[in-house]
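Sequence lines set the chain letters: A, B, ... in the order given, protein chains first and strands last, and positions in each chain run from 1. Note: hydrogens, waters and symmetry copies are ignored here, and every other heavy atom, side chains too, is used.
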Amino acid sequence: MTDDRIDQRLRELARDYHRPPAVPREELWARIVAERARRRAAPRVLALRPWLRWGLAAAAVLVLGIALGRLTAPVGQLATPPDSAGVVAYRVAATQYLTRTEALLASFRAEARTGRLDAQFAGQARDLLTTTRLMMDSPAARDPRLKSLLEDLEVVLAQIAQVPAGRAGEDVDLITQGIEQRSVLLRLQTAVPAGPGARVQGAL
Amino acid sequence: MTVAPASSVDERELIARVRAGDALAERALYDAHVDRVFRLAYRLAGDDDLARDFTQETFIRAFERLDSFRGEAALSTWLYTIATTVTLNGLRKLKRRGREIELDHAAEVAGGARRAEPDLKTRLYAAIDALSEKYRTVFVMHDVEGYTHEEIATALNVEVGTSKAQLSRARAKLREALADFAGEWVP
């Protein structure tokens with residue numbers, strides 16, 4: 001028997017695979033109407049996923065660090081504020097931010113190649129975009145190299161935040177091309193060198 | 001409630017009415033597409049409750065996001081994209097919770113079970129279940145539910161050639177899994 005005939009037989013036999021019952025149209029419609037009404041009526045509660053909790057925590061530390069940096073840094077000093085507990089926390093948070101951004105962009109680029117994108121990318125990008133803007137307003141942005149990187153990250157993250165869930169098309173191609181052309185990942189890796197101690201120093 | 005049959009509904013007008021908040025238009029859109037959405041969810045999930053959940057979520061998302069529908073593809077294709085995303089993501093969540101059997105075991109299904117499961121259909125269904133997600137999805141959509149490769153490619157966001165290649169590979173895995181039934185293929 002040829003493969004074609006076997007495939008034909010397979011198709012015939014497979015028709016009963018998970019054979020659906022009659023569609024419960026009215027019941028489903030009632031459920032849809034009720035659920036939509038429930039969601040409209042329910043107060044919007046922000047569900048904090050683990051990555052979002054970490055992101056908010058990092059952002060909070062970053063805000064604290066920025067405030068301390070502004071208070072303690074002399075006028076004209078570049079991105080090397082004096083040592084203090086706040087500055088250390090700021091550096092840790094900034095390094096976390098750069099590391100997470102690097103991980104997000106690397107994953108995004110890899111998934112874009114497969115043609116499917118997880119819905120979490122947009123959410124994570126929005127989260128990191130907030131932190132990016134905080135960074136741009138921090139003493140770290142006085143470093144021209146880091147400032148340029150943050151500006152590129154702002155654009156890329158804003159684009160990723162707008163990508164519809166599950167879809168990878170021309171928009172995604174343009175984003176990945178932008179990442180490649182601006183060497184964003186390479187610059188991120190340079191800003192966050194390997195090794196825990198070096199990562200903090202190299203970042204800022 | 002009067003519901004216009006799908007064939008008489010002008011899609012663009014229907015979409016415009018839904019966007020304007022017309023509840024009858026929402027129902028007409030639902031009626032036009034619910035059968036295929038539910039069937040696809042059921043075929044992939046193999047469970048009535050899950051199929052209902054996935055169908056419900058598909059239409060809720062569709063109504064929420066209809067403003068973002070640009071009309072580049074048919075509305076039905078756009079809905080199937082949402083349906084496959086909702087269903088596959090839902091099944092992945094279940095799998096993560098350990099409620100599904102491990103996937104991609106088609107070859108293992110072939111070995112040793114001949115005496116224990118003599119029924120060809122039973123073995124075929126087990127082999128389909130054991131396909132990896134991408135092969136099983138394409139096989140079910142094309143060979144079981146009759147979607148075209150173009151529809152599958154759009155719904156899964158892959159190239160048409162990828163859909164064809166995955167179907168070919170899925171069929172090969174099923175043939176391999178059922179090789180010891182070779183003498184019983186002729187009905």
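Between A:Arg15 and B:Asp143 there is no salt bridge, since no side-chain nitrogen of the basic residue lies less than 4.0 Å from a carboxylate oxygen of the acidic one.
Heavy atoms closer than 4.5 Å to chain A are found nowhere in B:Asp47, neither backbone nor side chain.
In terms of modelled atom types and a separation under 3.5 Å, the side chain of A:Tyr17 and the main chain of B:Val144 share no donor-acceptor contact. Here the side chain of A:Arg31 pairs no donor or acceptor atom with the backbone of B:Gln56 at under 3.5 angstrom. A donor-acceptor pair is defined here as one N or O able to donate and one able to accept, closer than 3.5 Å; no such pair exists between the side chain of B:Tyr125 and the backbone of A:Ala14.
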- For side chain to side chain contact (heavy atoms under 4.5 Å, CB included), just list the numbers for B:Leu178 and A:Leu10, CA-CA rounded to whole Å, side-chain angles, deciding distance to a tenth of an Å, and then say yes or no. CA-CA 10 Å; B:Leu178 302 172; A:Leu10 273 178; 3.9 Å; yes
- Chi angles and distances behind the salt bridge (charged side-chain N to carboxylate O under 4.0 Å, His left out) call for B:Glu64, A:Arg36: CA-CA 9 Å; B:Glu64 279 175 357; A:Arg36 290 179 74 199; over 6 Å; no
- Message: One pair to check against side chain to side chain contact (heavy atoms under 4.5 Å, CB included): B:Phe59 and A:Glu35. What are the steps and the verdict?
- Response: CA-CA 11 Å; B:Phe59 280 98; A:Glu35 180 61 17; over 6 Å; no
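Side-chain atoms of B:Arg175 and A:Asp7, non-hydrogen and from C-beta on, do get closer than 4.5 Å to each other. The side-chain heavy atoms of A:Leu28 and B:Tyr30, taken from C-beta on, include a pair separated by under 4.5 Å.
Taking the salt bridge (charged side-chain N to carboxylate O under 4.0 Å, His left out) definition, one finds that B:Glu159 meets it with nothing, sequence neighbours left out.
Taking B:Arg43, B:Glu26, B:Lys121 one by one and counting their heavy-atom pairs under 4.5 Å with chain A, the maximum is reached by B:Arg43. Per-residue counts of heavy-atom pairs under 4.5 Å with chain A were compared for B:Thr162, B:Ile128, B:Val140; the largest is that of B:Ile128.
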